[in-house]
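These numbers come from the heavy atoms of this one structure, side chains and all, not from hydrogens, waters or symmetry mates.
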Amino acid sequence: MTNEEVLELIEQAAKTKLTELDLSNNQLTSLPPEIGQLTHLSRLNVRDNKLTALPPEISQLTRLDRLYVSNNKLTALPPEIGQLTRLDRLYLSNNKLTELPPEIGNLTRLTQLYSSDNELTALPPEMEKLTGLKLLDLRKNKLPVSKELLEDNLNNPALIIQSCLANKPQEKISLTEAKMLVVGAARAGKTSLLKRLMEDNFNPQENNTKGINIQPWQLEVKQQKIQLNVWDLGAQEFMYAIHQFLFAQQSIYLLVVDAGQGKENNEVEYWLKMITSFSPASPIIIVGNKTDKGLLTIDRSSLFKKYPNIKTFVETSCLNGKGIEELRTFIHREVGALERIRNQIQLPENWLAVKAEIEQMEAGYLEISEYQRLCQDNLISEEKEQRKLSRLLQELGVVLNFSDLGVVKPQWLITGMYKIFNDYSSSEGVVAVKKINQVLDAKEYQGKCLLLMQVISKFELCFQDEEMREDAIFVVPNLLQEEEPNIREGWESWGFQYQYNILPSSILTRFMVRKNQEIEQEKCWRNGVVIVNEGNKALVKAERKGQKIGIWVSGETEAKRRDFLKAIRSEFEAIHESNPGIEAEEKIILSDRPEISINYQHLLSLEMGGEESFIPPGGERSVKIKELLDKIELREHQANIIIEEQEVELATQPNFEQEAVETKANSSKPQISQKNLKLYYLLGLGVGTALLIIWLWKR
C-alpha cells in the first residue's frame with residue numbers, strides 16, 4: 001500500500017468516524033501524522049509491516065482500547081503513548097525495542113501487555129503502577145531474569161516486574177582472584193614451602209597444619225594485581241573424607257612431595273587422581289621438596305603422559321632456598337593462564353558485594369534463609385542466580401555449599417572439626433553437643449555446635465545416636481576405642497577383602513555411618529564393626545598396616561549370606577566411586593589358608609576361559625573356581641541373565657532370523673538351528689562375545 005493510498009483510507013475513515021482500522025500486512029514503513037485525525041478509533045491494527053517508529057500524533061487516539069503493533073521494526077515507543085489511557089491491550093511483540101518509555105506507567109487500565117521477542121534489557125520503575133495487568137509476556141528479551149521466570153509467570157505480572165526491577169543491570173567489575181591448593185602427604189613440608197614462597201622465611205621447627213590454613217597472597221601478573229587465595233591442606237585422617245569438597249575448578253594445585261621418599265610414601269598417584277577427577281582442567285605443579293635431604297626419584301615422563309595437567313616438576317629446599325624463585329615464576333605463569341584471569345572475567349557489582357559481606361562477617365555459617373536474604377538485600381532475588389553465585393563463591397574458596405543447611409566458611413568448619421577430632425580423642429567415640437562448647441569456646445561457635453556436627457555428618461564422619469536424639473549425642477567412629485571387643489560368632493571360614501593402594505580411616509568410617517542402623521550393640525570399634533540384618537551378621541574389619549579391609553559373613557543359608565555380602569559390597573563400591581584416588585582390589589580369602597587371598601577379577605577371567613580349578617600363588621593344592629565364585633554371586637543366575645540379554649539383543653535385530661530362514665529354504669543344505677544361528681550372529685559381532693556364549697554352553 002502506497003502512502004497516497006493510506007492517506008486516502010485515513011480521510012475516508014475520519015469522515016465515517018470509523019472505530020476499527022486494519023492496516024496490517026501492507027509493507028508500510030511509516031504511519032503519516034494524519035493518523036491522529038481518527039479520534040473515534042477504539043482498535044488500530046498495524047501489525048506485520050515494516051514500521052520503524054510511531055508518530056507522536058498517535059497520542060490523539062484517546063479512545064483506543066487495543067493497539068496491535070507486533071511484527072514490525074520499532075526500536076522505541078514515543079513518550080506520547082502514555083496518553084492512550086484507555087488502552088486495555090497492547091501488542092508490541094517481535095520488534096526491536098530496547099526499552100519501554102516511563103510514560104507507559106500511565107496506562108493504568110492495561111490488562112494485557114505483549115512485548116516478547118524484543119531487545120529489552122530493563123523495565124522502567126513506572127511499570128509498578130500497572131496494577132491492573134493480568135498478563136505480561138516479556139519472553140525472549142535480554143532482561144536480567146531467567147527464561148523460566150518469564151515463561152512460568154505470564155499470569156503473574158507483579159512478580160515479573162518486581163524481579164526485573166530487583167535485578168536491574170549492575171555495573172560489572174573484573175574479578176582478580178584465584179585459588180591455589182597445596183596438597184600432599186604429611187610432613188612433606190607444605191607449610192614451610194609456603195612461608196619460603198610468600199615471606200621468604202623458614203622455621204625448621206614448623207608445626208603441622210591444623211586442618212587448614214587459608215591466606216591471601218598478593219601477586220602482580222602481567223601488570224595486573226591478583227589476589228591468590230592459598231589453601232594449605234593438612235594431612236590428618238579426617239581430611240581425606242572432605243578433599244573432594246575443597247577441590248575446585250579454575251584453581252592451581254601444588255602437589256608437594258618429600259624428595260627423600262618414594263612415590264608410594266608420598267601418595268602421588270592418590271593426589272593426582274583426586275585432582276584430575278574433581279578439577280580436570282586445573283594445572284598441577286609437582287614440587288619435590290627437601291632436596292637437601294635427598295634426590296627426587298619419580299618417573300616424570302610416565303606421569304606427564306598419564307596426567308596431562310601436570311605442567312612442570314620443581315625441586316626445592318626450604319632450608320637453603322633452592323628452586324624457590326623458579327617455583328614463584330611457574331606459579332605466576334599458571335595464574336596468568338587461568339581463564340578467569342586471562343579473560344578478565346567481570347562480575348556484577350552486587351555479586352561482589354555479597355562476597356565481601358560473607359568474607360567480613362564473624363559468623364562461620366549462614367542458614368539458607370539468611371543467605372537468600374543477604375542476596376535479596378543486594379538485589380539478587382532469583383533463586384537461580386543465588387545458586388549460581390554460591391557455586392562461584394565455592395570455587396573461589398569463600399564458602400562450602402550445603403543445599404539443605406546453608407553456606408559454611410571452610411576455615412570455620414575445618415578448624416572446628418580439627419578441635420573435635422583431636423580434643424575429644426578420649427571420648428570413646430561419643431560426642432555430646434552440650435559438651436562441645438567446652439572444646440569450642442570461641443565466639444563464632446557458640447550456639448552453632450549442633451549445626452557443626454550436622455555438617456560433619458554430611459561428610460559421613462559421624463552419625464547421630466537415634467536413641468539419644470533429644471540429648472544431641474553423636475557417634476564419631478574415628479574416635480572409638482581401638483581395642484577390639486570380644487566377638488564370638490560362627491563366621492564363614494572364607495572371606496571377602498579389599499586391598500587398597502592407600503587406606504584412609506574415612507573409608508571404614510563412612511561405611512559405619514552408612515550402616516549405623518544395623519550396627520550390633522557394643523560391637524563397633526575404631527577398626528571394625530559388626531552389622532546385623534534379617535538374621536545375618538557381618539564382621540567388617542580394617543587392617544591399617546596391610547592397607548586392607550576384610551568382610552566375613554554368617555547367616556542361615558548361603559543365599560542369604562550371599563545377598564548380605566552383595567549389599568555390603570554395594571556400599572563400599574559407592575564409597576570408592578566417590579573417592580577416585582582410592583584403588584581397591586577385590587579378593588577372596590581362602591577358608592583353609594586365611595593368609596592367602598585371590599584376586600576376584602582373576603577368578604572370573606579363569607572361569608570365562610573354561611578353567612575349573614587352579615593352584616593359587618602360595619598354595620599347595622588346587623581350589624575349585626566355581627565353588628569360590630558362587631559364594632560371592634550365583635554363577636548360574638548370572639549365566640541366565642546373560643543368555644536372556646543376548647536373546648533380547650537378537651530379537652531387536654530387524655528381520656535377521658527371518659532372512660536367514662528364507663535363505664535356507666532356498667538351499668539344499670539342512671536348516672540352521674536356532675542355537676547355531678545365534679552363535680553365527682555373535683561371531684559376526686566379535687570373537688569376545690562368541691567366547692562368552694561358548695563358555696555359557698560349557699556351563
Side-chain angles (χ1 to χ4, degrees), residues 146 162-163 166-167 170 173 175 177-179 181 211-216 227 229 231 233 238-239 241-251 347-420 433-434 436-437 439-462 464 472 474:
S146 68
Q162 289 168 8
S163 298
N167 289 287
Q170 294 279 323
I173 301 174
L175 180 66
E177 285 188 31
K179 179 177 175 183
L181 295 98
I212 190 172
N213 184 29
I214 303 174
Q215 53 185 324
Q227 177 173 301
N229 299 317
W231 287 38
L233 301 187
F238 75 86
M239 289 290 291
I242 65 175
H243 284 146
Q244 66 197 72
F245 298 94
L246 305 180
F247 289 3
Q249 301 283 4
Q250 285 291 307
S251 301
L347 296 176
E349 187 177 13
N350 55 346
W351 281 35
L352 295 179
V354 171
K355 172 180 174 291
E357 285 194 48
I358 292 177
E359 288 173 328
Q360 292 166 12
M361 69 182 188
E362 291 186 6
Y365 165 80
L366 280 178
E367 294 182 7
I368 294 176
S369 59
E370 293 174 322
Y371 171 71
Q372 291 173 338
R373 187 160 52 250
L374 175 60
C375 289
Q376 289 165 359
D377 290 345
N378 285 277
L379 304 180
I380 307 171
S381 58
E382 271 198 80
E383 285 189 22
K384 181 180 178 181
E385 293 299 299
Q386 293 172 2
R387 290 194 299 270
K388 189 176 177 181
L389 173 56
S390 68
R391 288 194 297 270
L392 173 66
L393 294 177
Q394 177 155 320
E395 273 193 25
L396 293 173
V398 178
V399 299
L400 296 176
N401 299 309
F402 298 94
S403 57
D404 57 340
L405 290 176
V407 297
V408 179
K409 284 187 173 181
Q411 187 85 58
W412 178 86
L413 170 64
I414 297 172
T415 300
M417 291 174 69
Y418 180 87
K419 286 181 175 293
I420 290 172
V433 169
K434 62 184 179 182
I436 295 180
N437 285 330
V439 175
L440 299 174
D441 55 358
K443 180 181 178 182
E444 62 264 29
Y445 293 100
Q446 297 307 304
K448 300 289 186 181
C449 292
L450 174 59
L451 169 75
L452 176 62
M453 293 305 297
Q454 289 172 337
V455 174
I456 294 174
S457 70
K458 292 289 183 183
F459 299 112
E460 296 181 331
L461 294 177
C462 68
Q464 193 161 3
F474 286 81

I need the minimum non-hydrogen distance between [X] and [Y], along with the two atoms involved.
X	Y	value
F474	C462	CD2-SG, 4.0 Å
I214	Q411	N-OE1, 3.3 Å
S251	L181	CB-CD1, 3.8 Å
Q386	Q372	OE1-CG, 3.4 Å
L246	K179	O-NZ, 2.9 Å
P410	I212	O-CG2, 4.4 Å

Within the structure provided, determine whether [X] and [Y] are in side-chain contact (heavy-atom separation under 4.5 Å).
X	Y	result
L392	K355	no
Q215	W231	no
V399	V408	no

Would you check if the side chain of E177 reaches a backbone N or O of N229 as a donor-acceptor pair within less than 3.5 Å?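 Such a contact is absent between E177 side chain and N229 backbone.
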
Under 3.5 Å donor-acceptor, N401 side chain and S390 backbone: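 Yes; at least one donor-acceptor contact below 3.5 Å.
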
[atom2] on [Y] to [atom1] on [X], rounded to 0.5 Å:
X	Y	atom1	atom2	result
C375	E385	SG	CD	10.0 Å
N213	I414	CG	CD1	11.0 Å
I380	N350	CD1	CG	4.0 Å
Q376	S369	CD	OG	10.0 Å

Contacts of E460 that satisfy side chain to side chain contact (heavy atoms under 4.5 Å, CB included) - sequence neighbours left out: R510, V513, R514

Residue pairs meeting ring-ring contact (aromatic ring centres under 6.0 Å, His included), one or both in residues 391-414, sequence neighbours left out, come to F402-F459, W412-Y445

Only pairs at least two apart or in different chains count here, so list each ring-ring contact (aromatic ring centres under 6.0 Å, His included) that has a residue in residues 353-399. none

L393 vs V407, test: side-chain contact (heavy atoms from CB on, under 4.5 Å). Steps then yes/no. CA-CA 10 Å; L393 294 177; V407 297; over 6 Å; no

Test side-chain contact (heavy atoms from CB on, under 4.5 Å) on M453 and I456; report intermediate values, then the result. CA-CA 5 Å; M453 293 305 297; I456 294 174; 4.1 Å; yes

Stepwise, does the side-chain contact (heavy atoms from CB on, under 4.5 Å) test hold for L352 with L175? CA-CA 8 Å; L352 295 179; L175 180 66; 4.0 Å; yes

Full working for side-chain contact (heavy atoms from CB on, under 4.5 Å) between L452 and I420: CA-CA 10 Å; L452 176 62; I420 290 172; 3.8 Å; yes

Using a 6.0 Å cut-off, check whether atom CD of E383 has over 12 heavy atoms from anything other than its own residue.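 No, CD of E383 has 12 or fewer neighbouring heavy atoms, counting only those of other groups under 6.0 Å.
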
Applying side-chain hydrogen bond (donor to acceptor under 3.5 Å, both in side chains), name anything that partners K448, two or more places apart in sequence or on another chain. none

Among residues two or more places apart or on two chains, list those pairs meeting salt bridge (charged side-chain N to carboxylate O under 4.0 Å, His left out) that have a residue in residues 366-380. none

Full working for salt bridge (charged side-chain N to carboxylate O under 4.0 Å, His left out) between R391 and E395: CA-CA 6 Å; R391 288 194 297 270; E395 273 193 25; over 6 Å; no

Starting from the C-alpha separation in whole Å, work towards a yes-or-no answer on side chain to side chain donor-acceptor pair (under 3.5 Å) for E357 and N378. CA-CA 10 Å; E357 285 194 48; N378 285 277; 3.3 Å; yes

Results of salt bridge (Lys or Arg N to Asp or Glu O under 4.0 Å) for K409 - residues two or more places apart only: none

